[in-house]
2 protein chains.
Amino acid sequence: MKEIEKRLNDNGVRPTAMRILIYKYMAEKEIAVALTDIENAFAKADRTTLYRTLKTFEEKGIVHQIDDGTHISKFALCEPGCNCELEQDLHLHFHCNNCDETICLTEQKIPHINLPDGYVAEDANLVLKGICEKCSGQ
Amino acid sequence: MKEIEKRLNDNGVRPTAMRILIYKYMAEKEIAVALTDIENAFAKADRTTLYRTLKTFEEKGIVHQIDDGTHISKFALCEPGCNCELEQDLHLHFHCNNCDETICLTEQKIPHINLPDGYVAEDANLVLKGICEKCSGQ
DNA sequence: TCAATAAATGCACTTCCGTTGCACTACTAT
DNA sequence: ATAGTAGTGCAACGGAAGTGCATTTATTGA
Ligand SMILES: [Mn+2]
Ligand SMILES: [Mn+2]
Ligand SMILES: [Zn+2]
Ligand SMILES: [Zn+2]
């Protein structure tokens, strides 16, 4: 797991045991996770620590936060080298109405939108809702 | 205010005094409103009534709910004759990072997105964040 | 090495929003 | 007028986000 330590170090985050575990947990999941998910996975860790770990990860560009319309913040690891703030790296997210999972579609970029005069866009969030691959396949 | 009564009746909502007032309040505002906003505007009405009024309005196609990424549900009146569920009527929303207001850009439709195989889209939510017309102008 | 310092973690508590159950009131229809 | 239905008010609950402070762990440098 030296890779994880390196990734954290490279982003200016000290690789504590807890942080490595959380990173590993998120890397193994292919879907976006909520704080509660992590809480359930690490029952003996305190919620505040997990909460602040996610905050730190987000500030340092290790994860990005996702608003999937459930009013529960989800988080997912950033692609290595991605700049989530830049328009070019803004990808869309898909929320399944059946299994309630949210997934990054990193290949699908958010198209550029022309706004009326006076509006200045700094960020964008595009979420499609429907039936995911897994649920439609069965 | 016979127009409001008619609009409510046409959508199968009985036009009570409270409902007419809420509709009027939302019509006068050009921005999306949260339940708390309405609560503050009608101090003597109960929160539950306002909550259920919004629910009813939403079910009957009078308002649509907006997830602007603040984790607070916003609501705005639907255009007369609009079908918010249909892809063609899905418009984008703009959230101002400065004044914290959210506005419907009903002219700006959400572009069609091609999804990977297996994904079936039923709904979409596109929110742009930045500086609104009002805030960039001054 | 050891003390001083800084960073990370844990615990307790708060606030805010959304939601529900139940009782009461106002309206509608027979 | 009466019964039935729809609307409203009151109280309480639960989940999630966030904060202050004490404690533990890691880092630094004398
Ligand atoms: Mn993503
Ligand atoms: Mn709208
Ligand atoms: Zn699914
Ligand atoms: Zn603004």
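Within every chain, numbering begins at 1; the chains are lettered A, B, ... in the order of the sequence lines, protein sequences first and strands thereafter.
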Subject >> Whole angstrom value for the distance that separates C1' of dC11(C) from CG of Leu50(A) >> reply: 14 Å
Original post:
Whole-Å distance between dG7(D) C1' and Phe42(B) CZ?
Top reply: 16 Å
Original post:
Rounded to the nearest Å, what distance is computed from the CG atom of residue Asp46(B) to the C1' atom of nucleotide dG21(C)?
Top reply: 13 Å
**OP:** Spell out, as yes or no, whether a donor-acceptor pair under 3.5 Å connects the side chain of Asn11(B) to the backbone of Val13(B).
**Re:** no
Original post:
For Ser136(B) and Ile131(B), which heavy atoms make the closest approach, and how far apart are they?
Top reply: N-CG2, 3.6 Å
Original post:
Are Phe94(B) and Tyr119(A) close enough, and set up right, to give a ring-ring contact (aromatic ring centres under 6.0 Å, His included), and what steps lead you there?
Top reply: CA-CA 9 Å; Phe94(B) 189 92; Tyr119(A) 289 89; 4.9 Å; yes
**OP:** Measure from the side-chain heavy atoms of Thr48(A) and tell me the nearest of dG18(D), dC11(C), dG18(C).
**Re:** dC11(C)
**OP:** State whether Glu5(A) and Lys2(A) are salt-bridged, where the test is any N-O pair (Lys NZ or Arg NE/NH1/NH2 against Asp/Glu carboxylate O) under 4.0 Å.
**Re:** yes
Original post:
Between Gln65(A) (CD) and dA16(D) (P), how many Å, whole number?
Top reply: 14 Å
Subject >> Nucleotide dA7(C), atom P - distance to NZ of Lys60(A) in whole Å >> reply: 10 Å
**OP:** Indicate whether OP1 or OP2 belonging to dG9(D) is found under 4.0 Å from a side-chain N or O atom of Thr49(B).
**Re:** yes
**OP:** Scan side-chain atoms only and decide if His95(A) and His93(A) contain a donor-acceptor pair under the 3.5 Å cut-off.
**Re:** no
Subject >> Of the listed nucleotides dG18(D), dG7(D), dG9(D), the one nearest the side chain of Thr16(B) >> reply: dG7(D)
Original post:
To the nearest angstrom, how far is Ile38(A) atom CD1 from dT9(C) atom P?
Top reply: 13 Å
Original post:
Salt bridge between Glu122(A) and Lys129(B), side-chain N to carboxylate O under 4.0 Å?
Top reply: no
Original post:
Are any of Tyr51(A)'s side-chain N or O atoms less than 4.0 Å away from OP1 or OP2 of dA17(D)?
Top reply: no
Subject >> Under 4.0 Å protein heavy-atom contact, by nucleotide of nucleotides 22-30 of chain C - B base, S sugar-phosphate only >> reply: B-----S--
Original post:
Distance check: side-chain N/O of Lys55(B) vs OP1/OP2 of dT19(C), anything under 4.0 Å?
Top reply: yes
**OP:** Would you indicate, yes or no, if dA16(D) has its OP1 or OP2 atom less than 4.0 angstrom from a side-chain nitrogen or oxygen of Thr36(A)?
**Re:** yes
**OP:** Map Arg47(B) and Val13(B) onto DNA chain D by nearest heavy atom, then report which one ends up closer to the 5' terminus.
**Re:** Val13(B)
**OP:** Among the candidates dG18(C), dA17(D), dT9(C), find the nucleotide nearest to the side-chain atoms of Ser73(A).
**Re:** dA17(D)
**OP:** Compare the minimum distances between each of dC11(C), dT9(C), dT19(C) and the side chain of Arg19(A), then state the nucleotide with the smallest one.
**Re:** dT9(C)
